[in-house]
Colleague: 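The structure under discussion is supplied below as structure tokens; questions concerning it will follow.
Letters go in sequence order (proteins before strands), and every chain restarts at 1.
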Amino acid sequence: MMAAAKTDSLIERAEFAIETDALTKAFGDLLAVDHLNCRVPYGQIFGLLGPNGAGKSTTIKMLTTLLDPTSGSAKVAGFDIVAAPARVRSSIGYVPQMLSADGALTGEENLMLSAKLYAIPRAERQPRIADALEFMGLTEFGRRLVKTYSGGMIRRLELAQAMLHRPMVLFLDEPTIGLDPVARHTVWDRLRELRQNYGITILITTHDMDEADELCDELALMHRGQIAALGQPAELKAGLGPAATLDDVFARFSGGSIQEGGSYRDIRQTRTTASRLG
Amino acid sequence: MTSARLAPQPAAWVEPNAVAQVWRETFAIANVELRKLFRDPTELFTRAIQPVLWLVVFGQVFSRVRGIPTGNISYLAFMTPGILAQSVLFAAIFYGIAVIWERDLGIVHKLLVSPAKRISLVLGKAVSAGFRGVVQAVIIYLIAAALGIAIRWQPVHIFAVLAGVALGSAIFSTFSLIIACIVKSRERFMGIGQVLTMPLFFASNAIYPIAIMPGWLKVVALVNPLTYLVDALRGQMIVGGESVHGFASDFGIMILIFIVLSAVAARLYPTLLR
């Protein structure tokens, strides 16, 4: 079922949905991303895991064309991020870490803005917006202001926005940070459905070991701008012993617990997210 | 679930017509800005308070001084277009704060990841600032009429004033966007905004003619975009008001300034995230 959906709905334009070749970003002396080589096959949910400052966000910013690499290259959906940024942008959907739907607009208005910016033909806008709202379980809230939404609803609305133009690859930066357990599971369910029914490739960054374990097909553990470990969650755990958890894997490869650290900026961002939810 | 409409669509890439694309994107941005404005129009009304004070208090008192040569019109009539331009400046110059706010909320990330051209994101903001300026102008027309100032009510003059005001708002809001891209934080922006507004206002012909300025100030006034806005408005808004440069040259200079500022802002907009 899944395999069939994969071959039906994807063109074999490039072998991998995401492919990086010695992708590097330096900020002054600091190598935020250091010759990263990474391949994500179509139809996978791929997790970038790592402590703050490991280079996850910088990687995602480069792959979504927000930041130019210092050296190296990357292709997303077959398009080079430096040579063809406009095509990359048309082929991807992106949900930033912050709850970024506009609270002063309704759900439908947020979606309509995306529909226009992504050049969805006029006649298709309304039906696609209705579909996306239905898929995310937001149909009855479409005309309400987003500031009345719960955090989980905002997240689902943002997924709807990111899906509207039928992207090949979805990028999600800490998709469930600050959400309560129920909302978190709803978001995971939707992401699994998107992958299963439509073969969409999803790259997420996360701090959350449960999320990495339950949701991701494959994980890349980043440490100091490089991939310290790569594999399926089960493989990674098995490599350390029968009772190992992802936390153990994390500690083994990054020399510390995921709970530690966190720059001021990250904390502030999390707080901003939390207070918008409150 | 139910629909195939969410399935990926890697389909043929159609190279869009750039002008049509910018038009669509600009008005998509302006559309949501205006919806937000109409939903909460308090800002428009609170912004009317300052010009009322300038005209009713400052203007009334200074009309009695008679020390400022204003040709054959009263000082109050002379300064009315200046106060309109000032209120346009003061409203638009803090526009960048909203953009920094949007950056902190992740809205700018989302816009920049979309295939929209950067210039559209800049122009969308400018169009919406222009609209706010026009509302501002309507309010000041009403105040001026209430104060008994002789206004040129012919539609062509009113249209010229509104066009000038919209363009002036676009200029100062885009300038503000550029500052936002450079300073990137609300605190620093507030400081710079405060420092900029008064010099721009006083180094212009808003409340006194350039002719009576000392030489160095005349030079400053001539490179100040506000001067051209005031000059354009003065010739069109008030009966007997005279434009030094003429409306066409004022408008042309403002368009040039706006083109340069938009190009710079479109280049800088992506750096807002760094």
Colleague: How far does CG of B/Leu105 sit from OG of A/Ser100, to the nearest 0.5 angstrom?
Modeller: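 Nearest 0.5 Å value for the CG-OG distance: 8.0 Å.
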Colleague: Checking heavy atoms, do the side chain of A/Ala119, its backbone, both or neither come under 4.5 Å from chain B?
Modeller: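 A/Ala119 touches chain B through backbone and side-chain heavy atoms alike.
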Colleague: Taking all atoms of both residues into account, what is the closest heavy-atom pair of A/Met98 and B/Arg103, and its distance?
Modeller: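 Here A/Met98 and B/Arg103 meet closest at CE-O, 4.0 Å.
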Colleague: Where is the tightest heavy-atom contact between B/Pro115 and A/Ser90, given as atom of each residue plus distance?
Modeller: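 Heavy atoms of B/Pro115 and A/Ser90 come nearest at CB-OG, 3.6 Å.
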Colleague: Rounded to the nearest 0.5 Å, what's the gap from OG1 on A/Thr106 to CZ on B/Arg39? Could you check?
Modeller: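 Rounded to the nearest 0.5 Å, the OG1-CZ separation comes to 6.0 Å.
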Colleague: Heavy-atom pairs under 4.5 Å with chain B are the metric here; pick the option from A/Leu66, A/Val169, A/Asp173 that has the most.
Modeller: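 That would be A/Leu66.
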Colleague: Measure the NZ-CZ distance between B/Lys117 and A/Arg89 for me, rounded to the nearest 0.5 Å.
Modeller: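 Nearest 0.5 Å value for the NZ-CZ distance: 9.5 Å.
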Colleague: Going from CG on A/Leu117 to CG on B/Leu111, what distance comes out if it is rounded to the nearest 0.5 angstrom?
Modeller: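 A/Leu117 atom CG to B/Leu111 atom CG measures 6.5 Å (nearest 0.5 Å).
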Colleague: Show the nearest heavy-atom pair for residues A/Tyr94 and B/Lys110, with the distance to one decimal.
Modeller: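 Between these two residues, the closest heavy atoms are O-CG, 4.1 Å.
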Colleague: Is it the case that over 12 heavy atoms from other parts of the model lie below 6.0 angstrom from the NZ atom of A/Lys25?
Modeller: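 Enclosed.
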Colleague: What are the two closest non-hydrogen atoms of A/Lys61 and B/Leu273, and how far apart are they?
Modeller: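 Heavy atoms of A/Lys61 and B/Leu273 come nearest at NZ-O, 3.7 Å.
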Colleague: Roughly how far, to the nearest 0.5 Å, is the NZ atom of B/Lys36 from the CG atom of A/Leu145?
Modeller: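 It comes to 11.5 Å.
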Colleague: Taking everything shown except A/Phe27 itself, do over 12 heavy atoms lie less than 6.0 Å from its CZ?
Modeller: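 Yes.
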Colleague: How long is the gap from CG on A/Leu113 to CG on B/Asn31, to the nearest 0.5 Å?
Modeller: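 Rounded to the nearest 0.5 Å, the CG-CG separation comes to 8.5 Å.
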